[in-house]
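The model shown is predicted, which means the values in this text are computed figures rather than measured ones. Reminder, nothing fancy here: chain letters follow the sequence lines and each chain counts from 1.
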Amino acid sequence: MKILTQYIDVPGIETIDVYRKHGGYAAVEKALKTMSPDEVTEEVKKSGLRGRGGAGFPVGMKWSFLAKPEGVPRYLVCNADESEPGTFKDHYLMMKSPHTLIEGMIVSSYALGAKSSYIYVRGELMYVIHILEKAIQEAYNKGLLGKNILGSGYDLDLYVQPGGGAYICGEETALLESLEGKRGNPRNKPPFPAVKGLYQCPTVVNNVESIAATSWIVMNGGDEYAKIGIGRSTGSKLISVSGHVRKPGVYEIPLGITVEDFIFADEWCGGIRAGHKLKAVVAGGSSVPILPAELILKTTNGEKRLMTYESLSDGGFATGTMLGSGGFIVMDETTCIVHNTLTFGRFYHHESCGQCSPCREGTGWMDKILYRIEHGQGRQEDIDLLVDVSKKIEGNTICPLGDAAAWPVAAAIRHFRDEFEWHVKHPEKATQPGAVFMREGASWAV
Amino acid sequence: MKVTIDNITIDVEPGTTILQAARKIGPQVAPPAMCYYEPIKGSGGKCRACLVKVTAGSERDPRPMPKLVPSCITQVQDGMVVENTTNPQVLEARKGVVEFLLLNHPLDCPICDQAGECHLQDFAFEHGVSKTRTVEERNTFEPQDLGPYIQLHMNRCVLCYRCVYTADQVTDGRVHGVMHRGDHAEISTYIEKAIDNDFSGNVIDVCPVGALTDKTYRFKNRVWFTKPVDAHCSCDKCSGNVTLWYRGEEVIRVTARKNEWGEVKEFICNTCRFERKKTSDWVIEGPMKVARHSVISANKYGANAIKPAHPLKQAAEQYKQIDDTRDRSFLEPQKQLK
Ligand SMILES: Cc1cc2nc3c(=O)[nH]c(=O)nc-3n(C[C@H](O)[C@H](O)[C@H](O)COP(=O)(O)O)c2cc1C
Ligand code: SF4
Ligand code: SF4
Ligand code: FES
């Protein structure tokens with residue numbers, strides 16, 4: 001079932017004429033001419049669509065929390081900052097089919113009563129910004145944006161804002177600060193953006209994929225969307241796959257397929273690259289806990305793990321992980337987990353905004369310890385120290401970046417402590433180029 | 001509104017934060033604050049020194065809050081129950097915050113002008129452990145001259161943002177701010193500009209540590225050898241209410257007056273602070289009220305009358321030696337990492 005990417009490979013789909021030929025902007029027509037804003041919100045609620053930016057918060061519910069005081073503007077802001085290592089789905093969608101996002105923006109803005117909406121795009125993606133701007137101009141020319149859209153009396157201006165060049169600007173309140181022209185520091189919450197967001201006005205921040213899905217929901221109804229998927233994981237999800245699979249790339253999957261199928265079926269990743277075995281997976285972008293092969297394929301109850309929010313988090317952090325943003329990183333037995341953890345640790349160290357002391361100092365500290373261990377200068381006590389530092393960050397910071405930095409380190413040690421110990425005990429072996437610890441009897445052992 | 005903090009219940013106005021309520025009860029339950037500064041709007045929420053556990057959200061919804069909350073920016077609800085020093089999770093987190101704040105701190109108290117009136121010293125003494133667990137090298141920065149009056153020692157900065165907000169709110173244009181991110185973030189002026197502004201000196205007073213210091217007072221004395229005296233003058237720029245710090249007959253420093261939480265209530269102008277350094281410039285009101293536990297109270301105004309809060313024996317027992325030997329000897333010299 002393809003909802004967002006059905007026509008993505010049609011030549012010229014980035015132009016408004018080709019996009020319209022394939023049913024594009026019908027949702028705008030339907031919503032603005034035949035539905036009230038509340039009816040649109042109602043359909044999105046019924047769809048069970050959950051935020052695709054990472055946290056998985058129900059989109060309809062978020063919309064219904066939006067404060068609507070008289071005489072105060074409301075804003076919709078699309079979070080297209082996508083900077084999490086392993087996640088590159090929004091980039092793909094906007095680059096190939098910008099009108100899919102713009103259509104969703106119009107429908108969603110209408111539902112929320114926003115008269116100005118913003119797409120905040122990761123600053124490094126300048127060419128995507130140009131693609132979007134061109135598409136927006138086309139939409140203006142066809143009367144789909146601007147004053148009195150399609151004669152409905154609804155006005156909307158849509159702006160693209162290049163991001164500030166920092167991962168942290170993807171955190172919704174940092175994004176709003178940055179959009180206001182300030183340093184991208186996350187705000188303390190409460191107040192939440194739904195009450196005081198952009199310029200202190202009620203604001204909804206949603207991910208590209210969340211917003212893009214709303215047009216299909218308007219066209220086909222929330223109930224139809226909810227039929228796809230399992231339980232509270234409804235609809236389709238874009239998964240960006242990187243690492244040691246035969247066919248890395250962006251896939252739109254119906255939520256609910258098994259992880260095993262997703263990795264090994266030819267329809268999706270096509271299995272691990274020839275001659276190698278699955279060792280570990282980071283299922284939802286670099287901040288979610290890494291899981292070894294046996295735990296990613298099956299839960300501890302012996303059930304096959306599914307690509308759903310619930311199944312992936314089954315077992316909590318002890319044996320589970322999260323669907324997150326859908327950045328699916330697959331590692332085979334040639335991957336050194338310590339090295340991988342250092343790479344992530346270095347990223348969070350580099351990207352912490354530095355406001356709260358636990359995240360600012362803790363990320364740097366963990367990076368330095370991991371660097372020593374990886375380079376053969378670790379001590380046994382460093383491993384427990386890492387876990388303790390990660391615990392002192394987790395939950396004690398302003399924004400979830402602190403947690404995102406703490407979790408990968410704690411999870412790597414939870415599931416691969418033997419690799420860390422091997423680095424500490426056998427530095428001369430561990431520092432050989434390409435050296436990887438092989439756990440005896442592991443499913444990935446060769 | 002009734003709120004209970006460490007088993008003590010107090011009635012406060014709606015809109016009061018947990019920290020303000022705790023301060024009303026008294027210093028024994030007031031959480032430490034490294035970034036919050038009541039007179040400065042928008043301050044607080046950053047350092048995480050003041051984290052507390054809310055075990056009951058309110059009368060109406062008595063569920064506990066899942067995470068520790070920053071007490072300086074969390075408003076009380078009627079019937080809220082808070083644990084501060086009575087909660088082991090809070091104490092553990094606070095130990096962590098001290099450790100984090102000292103991780104890259106140079107511990108150069110012996111040559112720091114702030115020593116003796118430094119909030120980080122107090123915080124570390126009360127809430128920290130004495131032995132460091134890190135062996136890593138510190139991140140370091142070069143000291144910077146911010147014009148004729150202010151010296152920045154970035155190594156000592158805890159990035160509380162107080163000076164940034166103060167410059168926004170009490171001067172007529174901020175020319176300094178935070179550059180870069182994370183533990184490589186630094187306070188700086190854009191392209192080494194001088195901070196030159198009638199009220200710029202106040203950033204020195206709000207700085208909880210010795211990162212921003214008064215160049216006219218630099219290395220002149222240790223604060224506990226000076227005699228603070230409240231004084232005023234009629235000034236056309238500010239209230240003229242100040243504290244003069246004497247060494248013998250000489251005024252060696254002028255600061256704004258601080259309350260018992262170390263907060264300036266009336267900011268003063270640079271003329272009062274840097275130019276009026278003669279007794280004849282001022283009307284003397286009398287000795288400044290010094291908190292008993294403060295080292296500043298040592299040897300003052302009839303030392304017989306003021307006994308230190310901690311008798312010597314107790315002080316000796318509580319004495320904490322900070323051991324920050326970062327033993328890197330296990331690293332082979334030829335393999336010392338950068
Ligand atoms: C450090 C950090 C980075 C984030 N980056 C992104 C991002 O690039 N894109 C995104 O959609 N959400 C990102 N988020 C999540 C947003 O804060 C927010 O939850 C999301 O945009 C809400 O949209 P959704 O409900 O549609 O998922 C990030 C969160 C954190 C803490
Ligand atoms: S958790 Fe890290 S990134 Fe988030 S506000 Fe605190 S210092 Fe900044
Ligand atoms: S210089 Fe002082 S006041 Fe400014 S951020 Fe650093 S510690 Fe805070
Ligand atoms: S004083 Fe509350 S977080 Fe700093």
Looking at chain A, which one of [options] has the largest number of heavy-atom pairs inside 4.5 Å, strictly under?
options	answer
Cys47(B), Cys35(B), Ala93(B)	Cys47(B)
Lys67(B), Arg48(B), Gln75(B), His184(B)	Arg48(B)
Gly45(B), Gly44(B), Gly177(B), Ala49(B)	Gly45(B)
Leu103(B), Asn139(B), Thr134(B)	Leu103(B)

Please determine, among [options], the option with the most heavy-atom pairs under 4.5 Å with chain B.
options	answer
Cys356(A), Pro358(A), Gly354(A)	Pro358(A)
Asp388(A), Val389(A), Asp382(A)	Asp388(A)
Arg183(A), Glu351(A), His350(A), His349(A)	Arg183(A)
Cys353(A), Gly364(A), Gly184(A)	Cys353(A)

With the threshold set at 4.0 Å, does a side-chain nitrogen-carboxylate oxygen contact exist between [X] and [Y]?
X	Y	result
Glu177(A)	Arg187(A)	yes
Glu394(A)	Lys391(A)	no
Arg50(A)	Glu310(A)	yes

So which part of [X] gets closer than 4.5 Å to some heavy atom of chain A, the side chain, the backbone, both or neither?
X	answer
Val135(B)	side chain
His180(B)	backbone
Glu92(B)	both
Leu159(B)	both

Are [X] and [Y] close enough that a side-chain donor and a side-chain acceptor fall under 3.5 Å?
X	Y	answer
Glu83(B)	Thr86(B)	no
Tyr371(A)	Glu136(B)	no
Tyr37(B)	Thr166(B)	no
Ser329(B)	Asp327(B)	yes

So which part of [X] gets closer than 4.5 Å to some heavy atom of chain B, the side chain, the backbone, both or neither?
X	answer
Asn185(A)	side chain
Glu381(A)	neither
Leu385(A)	side chain

Row check, Phe330(B) ring normal vs Arg379(A) NZ/CZ: under 6.0 Å, within 45°: yes
Phe100(B) six-ring centre to Arg360(A) NZ/CZ under 6.0 Å and within 45° of normal: no
Geometric class of the Tyr75(A)/Tyr199(A) ring pair [parallel <30°, tilted 30-60°, perpendicular >60°]: perpendicular
